[in-house]
Amino acid sequence: MIGSNSIAITPDIVRQHGLTLEEFGRIEDLLGRELNFTELGIFSVMWSEHCSYKSSRYYLKKLPTTGPRVLQGPGENAGVVDIGDGIAAVFKIESHNHPSFIEPRQGAATGVGGILRDIFTMGARPIALMNSLRFGASDHPRTRFLVNGVVEGISNYGNCTGVPTVGGEIYFDSCYNGNILVNVFCLGLIPSDKIFLGNASGVGNPVIYFGSKTGRDGIHGASMASSEFDESSEEKRPTVQVGDPFAEKLLIEACLELMKEDWVVGIQDMGAAGLTCSTFEMAGRAGTGIDLELSKVPMREAGMTPYETLLSESQERMLVVVRKGMEKEALALFDKWDLDSGVVGEVTDKPVVRIFDNGNPVVNLPVELVVDGALDLKRPTKKPEYLKEVDHVKLDSILEPTRGETILKDLLASPNITNKHWVYEQYDSMVRLNTLGLPGSDAAVLRVKGSKKALALSVDCNSRYCYLDPFRGAQIAVAECARNIACSGGEPIGLTNCLNFGNPENPEIMWQFEQAVSGMGEACKFFDIPVVSGNVSLYNETLGEAIYPTPTVAVVGLLEDRSYHTTQWFKEDGDLIGLIGLTMEEFGGSEYLKIIYDRVEGKPPRLDLHLAKSVNKLCLELIQQKLLTSAHDCSEGGLAIALAESCMSHPLNPKGATLGLDSTVRNDALLFGESQSRILISLSAKNRLAVEEKAKAMEVPFTVIGNVGGDALVVNVNGKEFIREEISSLKQLWLGALETYVG
Amino acid sequence: MKAKIYITFKDGVLDPQGKAVHHALKDLGYNEVSGIQMGKYLELTMDGVSREEAEIRVTEMCEKLFANTVIESYRFTIEPEE
Amino acid sequence: MKAKIYITFKDGVLDPQGKAVHHALKDLGYNEVSGIQMGKYLELTMDGVSREEAEIRVTEMCEKLFANTVIESYRFTIEPEE
Amino acid sequence: MKCGVVVFPGSNCDHDCYHILKHVFELDTEWIWHKDDVDLSGFDLIVLPGGYSYGDYLRAGAIAQFSSVMKKVIEFANSGRMVLGICNGFQVLVESGLLPGALIQNHTQKFICKTVSVRVENASTPFSCECLEKSVLNIPIAHHQGSYFIDIDGLNQLIDNEQIVFRYSGCEGEVTGLYNPNGSVDNIAGIVNENKNVMGLMPHPERCADPAWPNLDGQLIFKSMIQSLQPGILL
Ligand SMILES: Nc1ncnc2c1ncn2[C@@H]1O[C@H](COP(=O)(O)OP(=O)(O)O)[C@@H](O)[C@H]1O
Ligand SMILES: [Mg+2]
């Protein structure tokens with residue numbers, strides 16, 4: 001049993017709770033009295049990095065969060081963006097990195113559970129999940145186990161709750177050997193005038209608990225997520241929770257049914273820091289207080305202390321405030337869905353949370369001090385030393401190749417570029433009949449029932465770029481996401497991010513963080529994409545080895561008409577192939593350097609935001625005018641990989657292509673360099689003139705570079721054959737490689 | 001040798017399956033059941049090893065493969081084959 | 001009373017999980033394992049019933065719910081609780 | 001004709017089935033809640049949808065067979081009326097004994113979601129009469145426990161009675177192990193009962209029956225049922 005109030009609080013105990021003695025002193029000073037042990041537990045979780053954002057809040061203010069479509073920005077369970085026709089999209093991305101490293105299956109599963117709750121808490125029906133995964137090197141001994149566990153966990157939880165997993169990304173790099181990343185995204189739809197918030201308003205209104213029972217799960221999970229790993233993390237193991245996706249499914253349906261009632265006042269899920277967090281935050285948002293009686297909480301285990309009950313992170317639980325007098329109706333509804341529930345408290349006038357255990361007072365704390373009291377830390381920053389070593393490519397040892405086939409094949413079979421069907425076929429990507437664009441093209445596309453619109457979703461981050469230049473790397477992440485959306489026929493309307501970094505107490509890490517957030521902010525402002533929600537995950541390191549900075553972004557795009565939906569694969573023999581954008585002689589941070597020469601160096605590719613925006617605009621307008629048959633973003637592996645993918649990825653009929661490129665840049669840079677803001681398109685020959693004119697009018701570089709047809713990919717550079725390879729043999733490599741690493 | 005291995009959730013860890021099955025038993029009128037734990041059961045046939053060796057090997061297998069010791073515990077018995 | 005129930009696939013039904021685990025064991029070098037059967041294990045706590053009653057009730061539960069007798073067989077033991 | 005879509009706790013293709021019946025084929029369609037003691041005599045077709053009824057805990061479909069609605073569905077089926085079980089619905093049908101055999105974990109040990117080809121083995125059932133005999137349909141599967149098992153005697157009976165409606169195949173109709181996604185006995189993807197009024201299948205026809213997608217092969221199964229219940233209505 002942990003946490004009897006008779007335990008004396010020593011400096012050691014304070015530190016074990018993740019608070020500095022300074023913070024502890026500040027709390028007692030402001031409170032004007034001593035804390036008891038349960039209260040210490042509350043501050044421990046609420047002032048943890050995970051809940052208080054004390055290292056990051058100052059910087060996050062730089063992100064643009066408003067716009068004409070934004071109905072709810074950061075601060076609530078999820079962001080909300082208006083998509084017209086009386087419908088709004090609710091979305092957010094969250095990390096579940098540390099638990100997934102300790103227990104991949106359950107860690108990833110409960111991550112999905114958590115993000116789903118953030119969405120349906122607002123009254124939205126979740127309609128799509130995505131995930132962004134980072135594992136250690138593909139030959140690291142633990143990678144296979146971790147990948148299998150994480151993918152199975154996501155698959156089992158998402159599939160069982162009936163929410164399709166429609167896209168994502170997966171990367172392997174040794175910087176994640178000791179600290180994997182599992183970021184999960186969820187999007188839901190809601191009538192734009194029926195958004196529910198986590199407010200405990202209305203003095204005298206009952207506070208109702210519902211969902212699964214509370215057990216001793218994950219006590220201290222939130223503070224675990226806020227401290228780096230060391231050998232003793234092994235000891236923290238039993239704090240991993242087991243998810244119950246069946247309970248979550250019932251919770252979704254019960255919540256959505258509940259929210260049809262006009263007597264629901266405010267609702268919030270119990271995520272990190274469980275009952276404590278939802279109680280204090282709901283009171284905090286409404287400027288009220290709450291009286292809570294713990295003996296009314298449905299319990300799975302006997303003899304839990306108030307400390308345990310308050311800090312438990314048992315999954316699949318919610319807290320709702322309803323209008324006084326409607327308790328019976330609410331409880332009957334939960335009963336219909338076989339959920340446990342109980343009236344556990346009441347909204348009060350004074351902004352204080354008082355918690356009782358069988359009538360005995362155990363906690364009495366002012367809401368504001370707990371929720372907002374942690375001071376923003378302006379941690380010191382310092383440009384990292386490593387950058388001096390890696391910031392240029394030593395080109396002299398990299399000879400210009402005479403043929404490209406071997407490089408192409410090595411890249412196609414490399415873990416980061418190879419096809420990901422081994423992952424996404426384990427996810428139900430189709431349930432609920434909205435997924436027009438299945439995994440396997442640039443962005444996932446979902447129709448919006450009840451309108452002619454559709455939504456496009458993409459999640460991206462090249463963390464190697466971010467390691468080499470976090471500012472530009474973060475900009476590129478935003479730009480790439482926006483480009484994926486454009487290729488699929490949509491226009492970006494909102495963004496959510498998950499900022500995964502190392503230990504913020506290290507000034508070099510804090511510098512990466514500052515740079516990345518600034519870069520992201522600048523790109524978002526330029527593209528006019530509001531950031532409506534997000535998540536910060538710090539302390540992603542093991543024994544002092546930090547991960548690459550990984551500011552993952554997910555962009556939501558809107559297709560005004562679902563007929564704009566465009567896929568990446570070539571469709572018709574005889575179609576012309578064109579390239580929008582410019583190719584420069586750039587190698588920095590490329591997959592080419594990494595796979596062929598095992599080097600991580602150079603500046604990431606240049607990004608001209610202005611060009612990036614006009615490239616996307618051109619692509620989208622061409623799509624809207626029905627001038628294109630396919631569009632595909634050039635990213636890792638460059639033009640050659642984009643070409644090969646456009647040839648191979650048709651679900652039934654792969655196509656060949658013949659290209660004739662004229663260029664002054666080295667042929668390896670031309671085909672495998674990763675210059676930004678390029679889109680590979682195909683079009684019917686009759687539309688060539690229209691496309692060329694449009695590009696000219698918009699002052700965007702555009703060249704026709706070849707045509708679709710045949711059984712091989714043939715690339716001639718300046719009149720000389722550089723690549724000739726059968727599509728069928730490329731496809732075999734590309735489809736089979738991932739399984740050889742992780743299957 | 002024959003090893004029989006039982007794997008169950010550790011105390012205090014939620015057993016979602018057990019919970020659902022318990023619920024179903026109640027609906028079917030089996031009210032005398034007050035608790036239920038669901039787990040996995042494995043039977044291994046092992047050749048050419050002594051009981052002592054088998055014990056060491058099976059412990060290893062449980063730790064490495066069969067049980068997820070973060071949330072599960074295991075126990076086993078070893079007997080000569082009938 | 002405490003009932004311990006073991007459910008395994010019948011002979012002739014391919015046990016895909018057992019097969020996969022066997023394969024994994026071989027990969028890990030456990031070549032002494034010549035056969036493996038995977039199954040389910042349930043522990044029931046039953047109140048206010050005699051051993052005889054418990055036996056009847058548990059048989060019923062197994063037939064009805066715990067085992068799919070098309071593919072699975074079951075056996076159980078019943079003991080008074082410690 | 002009137003259709004009912006059963007909702008178990010954990011059903012999740014219920015909305016999809018309802019959508020196809022109600023909005024694509026414009027049939028009179030109602031939800032049937034698992035706890036309700038509902039009178040099914042007014043229905044012509046009951047659909048047990050896909051999903052994870054009761055979390056699929058213990059075995060897929062095991063707990064659902066005891067819900068109050070299943071007692072009614074069993075009576076309904078035994079009186080000769082049409083019941084279609086898709087994916088989890090198929091699992092419920094075998095667990096409750098309305099169809100022979102069992103569904104066990106895929107031999108790949110993994111959940112599989114992708115479009116596969118199935119060959120129509122019997123085009124004379126009320127569920128397949130709009131298909132051409134031996135034609136190939138492309139239909140998505142999405143399951144973890146979809147490997148159909150039956151012993152050899154049972155299999156021979158299925159064959160003798162022409163109860164096998166769909167087999168997994170290549171796109172040219174090749175029925176070989178290469179095209180068996182989950183390890184099903186004899187590539188079986190869907191079967192009917194002896195009386196041919198109850199069908200269970202693992203593929204999801206409702207996922208390829210909405211004109212918002214290019215593939216409409218699943219419509220043939222819905223059209224077959226409509227044709228058998230109300231001949232002529234689709235003309
Ligand atoms: N972890 C994952 N979960 C689901 N889908 C994935 C995952 N990883 C990759 N995919 C899908 O595979 C396709 C290719 O992904 P990726 O190689 O990252 O594409 P891109 O380079 O265009 O971003 C996309 O459709 C993506 O959604
Ligand atoms: Mg991309």
Side-chain angles (χ1 to χ4, degrees), chain A residues 125 127 148 151-152 154-166 243-254 335-339 421-440 445-447 449-450 452 454 562-563 565 651-653 739 743, chain D residues 7-20 23-24 33-36 49-58 60 63 67 86-88 106 108-117 138-145 171 181 203-204 206-215 218:
Chain A
R125 156 78 65 186
I127 63 157
N148 277 275
V151 171
E152 193 177 296
I154 293 173
S155 150
N156 192 253
Y157 206 101
N159 299 352
C160 185
T161 50
V163 181
T165 299
V166 298
D244 182 353
F246 173 54
E248 181 96 342
K249 169 68 177 167
L250 301 182
L251 210 51
I252 297 176
E253 300 304 331
D335 214 41
K336 171 185 167 190
W337 288 98
D338 298 327
L339 296 167
H421 72 103
W422 182 90
V423 176
Y424 59 71
E425 281 175 7
Q426 296 187 50
Y427 304 145
D428 188 340
S429 51
M430 310 172 186
V431 60
R432 295 201 77 82
L433 294 189
N434 297 315
T435 323
L436 296 171
L438 294 167
V445 176
L446 292 126
R447 71 163 163 190
K449 284 197 192 110
K452 62 180 171 68
R562 66 174 191 237
S563 71
H565 170 215
L652 299 172
N653 309 307
E739 190 164 358
Chain D
V7 184
F8 296 110
S11 290
N12 58 34
C13 304
D14 47 347
H15 283 260
D16 302 353
C17 291
Y18 184 90
H19 170 74
I20 298 299
H23 301 126
V24 175
W33 178 242
H34 71 110
K35 284 185 188 171
D36 287 353
Y52 283 69
S53 58
Y54 300 87
D56 273 2
Y57 292 136
L58 197 61
I63 302 181
S67 57
I86 302 170
C87 195
N88 195 231
N106 299 343
T108 59
Q109 299 291 302
K110 299 201 182 312
F111 190 95
I112 312 169
C113 174
K114 64 175 181 189
T115 296
V116 300
S117 299
N138 291 313
I139 310 187
I141 53 170
H143 58 246
H144 202 165
Q145 297 180 44
C171 53
H204 285 269
E206 80 281 11
R207 294 188 178 189
C208 47
D210 181 315
W213 284 264
N215 177 10

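Residue numbers start from 1 in every chain, and the chains themselves are labelled A, B, ... in the order their sequence lines are given, proteins ahead of strands.
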Between [options], which residue shows the highest count of heavy-atom pairs closer than 4.5 Å to chain A?
options	result
D:Lys114, D:His19, D:Lys110	D:Lys110
D:His204, D:His15, D:His23, D:Arg207	D:Arg207
D:Pro214, D:Cys13, D:Cys113, D:Ala212	D:Cys113

Are the side chain of [X] and the backbone N or O of [Y] linked by a donor-acceptor pair below 3.5 Å?
X	Y	result
A:Trp337	A:Lys249	no
A:Asn159	A:Val431	no
A:Arg447	A:Leu433	yes

Atom pair CG (A:Leu436) and CE (A:Met430), whose distance is rounded to the nearest 0.5 Å: 12.0 Å
Hey, which of [options] has the most heavy atom pairs under 4.5 Å with chain D?
options	answer
A:Gly743, A:Cys160, A:Gly162	A:Cys160
A:Asp244, A:Val151, A:Asn148, A:Leu250	A:Asp244
A:Thr161, A:Ile252, A:Asp428, A:Asp338	A:Asp428
A:Leu652, A:Val163, A:Thr435	A:Thr435
A:Lys336, A:Arg562, A:His421	A:Lys336

D:Thr115 and D:Asn138 side chains, donor-acceptor separation under 3.5 Å: no
Donor + acceptor pair across side chains of D:Tyr52, A:Asn156 (<3.5 Å): no
Closest non-hydrogen atom pair, A:Phe246 against D:Gly55: CD1-N, 3.2 Å
So which part of [X] gets closer than 4.5 Å to some heavy atom of chain A, the side chain, the backbone, both or neither?
X	result
D:Tyr54	both
D:Asp210	side chain
D:Thr108	neither

